[in-house]
Number of protein chains: 2
Amino acid sequence: MFSKACEYGIRAMIYITAASKEGEKMSIKDICHAIGAPEHFTAKILQDLSRKKLVSSLKGPSGGFFMEDEQRNITLMEIVEAIDGNSLFTGCGLGLKQCSELHPCPIHNKFKSIRDSLQKMLMETTVLQLTQNLEKGLVFLKKN
Amino acid sequence: MFSKACEYGIRAMIYITAASKEGEKMSIKDICHAIGAPEHFTAKILQDLSRKKLVSSLKGPSGGFFMEDEQRNITLMEIVEAIDGNSLFTGCGLGLKQCSELHPCPIHNKFKSIRDSLQKMLMETTVLQLTQNLEKGLVFLKKN
DNA sequence: TTAATAAAAGATAAAAAGGTCTTAAATTAT
DNA sequence: ATAATTTAAGACCTTTTTATCTTTTATTAA
Ligand code: FES
Ligand code: FES
């Protein structure tokens, strides 16, 4: 469904949001250890998200990644779009050059309905919301 | 969502089912021309589906791909599983090693719900059904 | 100001996906 | 039988994705 980059990106964003609630900054090493993701690869993803202002970072000792106040309500949709683009939401399920009501593929209606539910879910879900159950220990960002 | 191989595979299966209603056989060249897919790549996919008995084929002059009676009611799910496997339906949306109710990721419930709708749709939709609107000229397997 | 720290950036590489080309095998019609 | 046709199979190539390693830049603390 999502690319590996997107999966790591979402998990990292959730972790950073949860772990930096008091303005603390998390190093890429800590983040990747916590979410079980490859360090350098995830660093690149976060650098990209940082350029796109979805996360903040500071170099040097006591530096790291953190969330600015206005970044606390970022939706999953924003992260997915930033990393994977919007082809999942605008593209044809059977790979036609474009998804179109005027030139639909055989599964257009059924596919569009599911695609729209996914998009709706991603737009309605904020990273901050997802940190709630994480703090309660009900959900996890890493296998074991 | 689906791999290119899966997209071509589904489109080819729909075309073969529609075009071979009288027991005619379609050559890989005709199929690929009709659905706008790369010939050799699609041939491999159909060979694989043929080994898995989702489509039938015969070599030689007047040979080609066709559907046996019992193959006319194949579902999209069977095709997707044959080509892409079932990781889309059993895997974790955030890439945890396994999707589990006991060790869920933060989006497990919301993701599972959408994943299940997709699976349900694919299980309920047969290739034969999709040929109806195709014959009416209401839907298309190729851009232009 | 210097040394330590941590992200940023770039080079490189391995793996997977996507696609092409050539040869082999089976079938049919002559 | 032979030649033509068409799928089957395998080798090969390209691009994208995933991942690692090294160097640079910014920041902090001593
Ligand atoms: S045209 Fe295929 S999903 Fe819309
Ligand atoms: S655990 Fe992530 S989707 Fe089920």
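Chain A is the first sequence line, chain B the second, and so forth, proteins listed ahead of strands; every chain is numbered from 1. Reckoned from all heavy atoms, side chains included, excluding hydrogens, waters and symmetry mates.
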query: Just by distance, do the side chain of B/Glu78 and the backbone of B/Thr75 share a donor-acceptor pair under 3.5 Å?
result: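 Side chain of B/Glu78 to backbone of B/Thr75: a pair is present.
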- prompt: Just the endpoints, please: which first and last nucleotides of DNA chain D, 5' to 3', lie under 4.0 Å from a heavy atom of chain B?
  reply: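 From 5' to 3', the first and last contacting nucleotides are D/dA4 to D/dA11.
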Approximate separation, where rounding is to 0.5 Å, of [X] [atom1] and [Y] [atom2]:
X        : Y       : atom1 : atom2 : answer
B/Lys29  : B/Thr42 : NZ    : OG1   : 14.0 Å
B/Asp30  : B/Phe65 : CG    : CZ    : 11.5 Å
B/Leu141 : A/Leu94 : CG    : CG    : 7.5 Å
A/Cys32  : A/His40 : SG    : NE2   : 9.5 Å

- prompt: When you measure from every atom of DNA chain D, which of residues 22-30 of chain B have a heavy atom less than 4.0 Å away?
  reply: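 Those residues are B/Met26, B/Ser27, B/Ile28.
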Close residues, residues 49-71 of chain A, relative to DNA chain D [heavy-atom separation under 4.0 Å]: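 Correct list: A/Lys59, A/Gly60, A/Pro61.
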- request: Determine, stepwise, if the pair A/Asp48 / A/Lys52 fulfils salt bridge (Lys or Arg N to Asp or Glu O under 4.0 Å).
  value: CA-CA 6 Å; A/Asp48 183 38; A/Lys52 291 173 177 163; 3.3 Å; yes
Quick one: does [X]'s side chain get under 4.5 Å of [Y]'s, heavy atoms only?
X       : Y        : answer
A/Leu88 : A/Leu118 : yes
B/Tyr8  : B/Leu46  : no
B/Phe66 : B/Glu68  : yes

- prompt: Considering all heavy atoms of both residues, which atom of B/Ser3 and which atom of B/Asp84 are nearest to each other, and what is their separation?
  reply: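 Minimum heavy-atom separation between B/Ser3 and B/Asp84: OG-OD1, 2.5 Å.
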- request: Kindly write out the residues that satisfy salt bridge (Lys or Arg N to Asp or Glu O under 4.0 Å) with B/Glu24, not counting sequence neighbours, or none if the list is empty.
  value: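 B/Glu24: no salt bridge (Lys or Arg N to Asp or Glu O under 4.0 Å) contacts found.
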field: Under 4.0 Å protein heavy-atom contacts per nucleotide of nucleotides 15-23 of chain C, with B for base, S for backbone only and - for none
entry: ---SBBBB-
Partner set under side chain to side chain donor-acceptor pair (under 3.5 Å) for A/Gln47, not counting sequence neighbours: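 Counting only residues at least two positions away or on another chain, A/Gln47 forms no side chain to side chain donor-acceptor pair (under 3.5 Å).
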